[in-house]
Amino acid sequence: MFDERVINILQESFVKILIPGITYTIPLTLVSFAIGLFIAILVALVQVSHLRVLNPIVKFYVWVIRGTPLLVQLFIIFYGLPSLGILLNAIVAAIIAFSLNVGAYASETLRAAILSVPAGQIEAGYSLGMNYFQVLHRIILPQAFKVSVPPLFNSFISLVKDTSLAANITVTEMFMVSQRIAAKTYEPLALYCEVAVIYLIFCTVLTNVQHRAEKWLKLEQG
């Protein structure tokens with residue numbers, strides 16, 4: 001399929017593409033997911049608590065983020081906000097966009113997981129003298145977390161692939177590096193296949209971690 005020249009290009013470009021994967025893609029994914037998960041927990045708690053003031057705000061946030069493409073959100077934050085005098089570094093803009101996106105989707109996962117906790121256990125916690133935060137910390141969140149691990153891991157793996165969109169706002173992650181090499185070598189098919197394989201390796205490793213985590217949680221649950 002590929003001649004000797006293309007194979008040489010692939011060999012030389014592999015490390016050049018892999019390095020931004022380690023220095024940009026993975027950190028961008030971890031930071032964005034951590035912030036997004038924090039947002040998701042807050043949003044989910046507000047939604048199940050039915051706070052009159054905050055509930056419409058978080059519902060509007062989830063509605064907007066889930067109803068618009070991630071690429072559009074990236075462009076609004078990086079290219080749109082400067083018109084309002086808000087200038088953001090490309091990495092910061094990417095983290096904000098990815099975090100908000102993860103927060104909206106993961107909040108729905110967590111909300112459903114929290115609602116799956118039997119009401120009797122929550123009432124039992126209050127009957128033992130626990131306050132709201134103790135019930136939340138000792139009863140609700142541990143069980144909700146176990147239920148939500150598989151879908152949250154899926155969101156995390158999806159985020160790894162979504163970080164390729166950051167190339168559109170000048171973040172020099174793996175996909176942008178492959179685009180630059182392809183522009184110089186005129187071998188887009190081979191290089192885009194190569195970057196796809198690297199993403200596949202990352203996601204395969206994470207999928208194995210997910211399976212081990214799920215297996216461990218099942219053992220914990222007995």
Side-chain angles (χ1 to χ4, degrees), residues 1-37 65-80 88-106 109 149-215:
M1 181 177 178
F2 298 132
D3 59 25
E4 186 175 345
R5 174 182 167 275
V6 176
I7 292 174
N8 289 334
I9 292 172
L10 291 175
Q11 289 176 339
E12 292 175 3
S13 61
F14 184 81
V15 174
K16 293 179 182 177
I17 297 174
L18 183 62
I19 289 175
I22 296 171
T23 57
Y24 280 95
T25 301
I26 293 176
L28 187 59
T29 303
L30 290 173
V31 173
S32 299
F33 191 79
I35 298 173
L37 192 58
I65 297 297
R66 295 182 71 196
T68 55
L70 177 55
L71 183 60
V72 174
Q73 296 162 17
L74 268 172
F75 273 45
I76 289 174
I77 293 172
F78 185 67
Y79 295 114
L88 295 173
N89 174 279
I91 294 289
V92 175
I95 289 174
I96 292 172
F98 292 143
S99 299
L100 291 174
N101 195 271
V102 169
Y105 281 94
T109 299
V149 162
L152 288 178
F153 244 113
N154 290 336
S155 298
F156 184 73
I157 293 171
S158 294
L159 181 59
V160 173
K161 294 174 285 184
D162 288 342
T163 55
S164 62
L165 294 175
N168 292 286
I169 60 169
T170 74
V171 176
T172 51
E173 47 71 63
M174 290 197 298
F175 187 56
M176 172 169 272
V177 173
S178 68
Q179 284 180 308
R180 288 175 175 174
I181 299 174
K184 291 178 182 177
T185 59
Y186 301 103
E187 292 294 345
L189 175 60
L191 287 158
Y192 292 156
C193 286
E194 184 173 47
V195 75
V197 168
I198 296 175
Y199 275 111
L200 188 60
I201 292 171
F202 283 177
C203 291
T204 301
V205 171
L206 290 172
T207 301
N208 287 330
V209 173
Q210 177 184 1
H211 291 160
R212 288 178 180 275
E214 290 177 12
K215 187 177 179 181

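Only a predicted model underlies this, so the values are computations on that prediction, with no experimental measurement involved.
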Practice task
Output every pair passing side-chain hydrogen bond (donor to acceptor under 3.5 Å, both in side chains) with a member in residues 66-76, not counting sequence neighbours, ordered by first then second residue.
Solution key: Thr68-Gln73, Gln73-Asn101

Exercise for the section: Output the distance between atom CD1 (Ile198) and atom SG (Cys193), rounded to the nearest 0.5 Å. Expected result: 11.5 Å

Practice task
Would you list the pairs meeting side-chain hydrogen bond (donor to acceptor under 3.5 Å, both in side chains) in which at least one residue belongs to residues 165-177, sequence neighbours left out?
Solution key: Glu173-Tyr199

Practice task
Any chance you could measure Thr163, atom OG1, to Leu28, atom CG, to the nearest 0.5 Å?
Solution key: 6.0 Å

Completion exercise
side chain to side chain donor-acceptor pair (under 3.5 Å) filter on Gln210, not counting sequence neighbours, yields Asn154, Glu214

Fill in the blank from the handout: Looking only at heavy atoms, the pair that brings Ile181 and Lys16 closest together is CD1-CB, 4.2 Å

Fill in the blank from the handout: Looking only at heavy atoms, the pair that brings Ala166 and Ala94 closest together is CB-CB, 4.3 Å

Exercise for the section: Could you grab the distance from atom OG1 of Thr29 to atom NZ of Lys161, nearest 0.5 Å is fine? Expected result: 11.5 Å

Problem - Side chains of Leu71 and Phe75 in contact at under 4.5 Å (non-hydrogen atoms) - result: yes

Handout entry: CG-OG distance between Leu191 and Ser13, expressed to the nearest 0.5 angstrom
Key = 5.0 Å

Practice task
Please name all residues satisfying side chain to side chain donor-acceptor pair (under 3.5 Å) with Ser155, sequence neighbours left out, ordered by chain then number.
Solution key: none

Completion exercise
Applied to residues 151-192, the ring-ring contact (aromatic ring centres under 6.0 Å, His included) test, sequence neighbours excluded, yields Phe33-Phe156, Phe175-Tyr192

Fill in the blank from the handout: Residues passing the side-chain contact (heavy atoms from CB on, under 4.5 Å) test with Ala106, sequence neighbours excluded, are Ala40, Val102, Leu152

Exercise for the section: Looking only at non-hydrogen atoms, find the nearest pair between Ala182 and Pro188 and report the distance. Expected result: CB-CA, 3.8 Å

Exercise for the section: Using the test side-chain contact (heavy atoms from CB on, under 4.5 Å), find all partners of Ile19 that sit at least two apart in sequence or belong to another chain. Expected result: Val15, Thr23

Handout entry: Pairwise side-chain contact, Glu194 with Ser178, heavy-atom cut-off 4.5 Å (strictly under)
Key = no

Handout entry: Inter-residue atom distance Leu74.CG - Phe98.CZ, 0.5 Å rounding
Key = 5.0 Å

Completion exercise
Between the CG atom in Leu70 and the CG atom in Asp162, the distance rounded to the nearest 0.5 Å is 5.5 Å

Fill in the blank from the handout: Sequence neighbours excluded, the answer for side-chain contact (heavy atoms from CB on, under 4.5 Å) partners of Pro27 is none

Handout entry: Listed partners of Arg5 passing salt bridge (charged side-chain N to carboxylate O under 4.0 Å, His left out), at least two apart
Key = Glu187

Handout entry: Residues which pass side-chain contact (heavy atoms from CB on, under 4.5 Å) with Val31, listed by chain and number, not counting sequence neighbours
Key = Ile35, Ile95

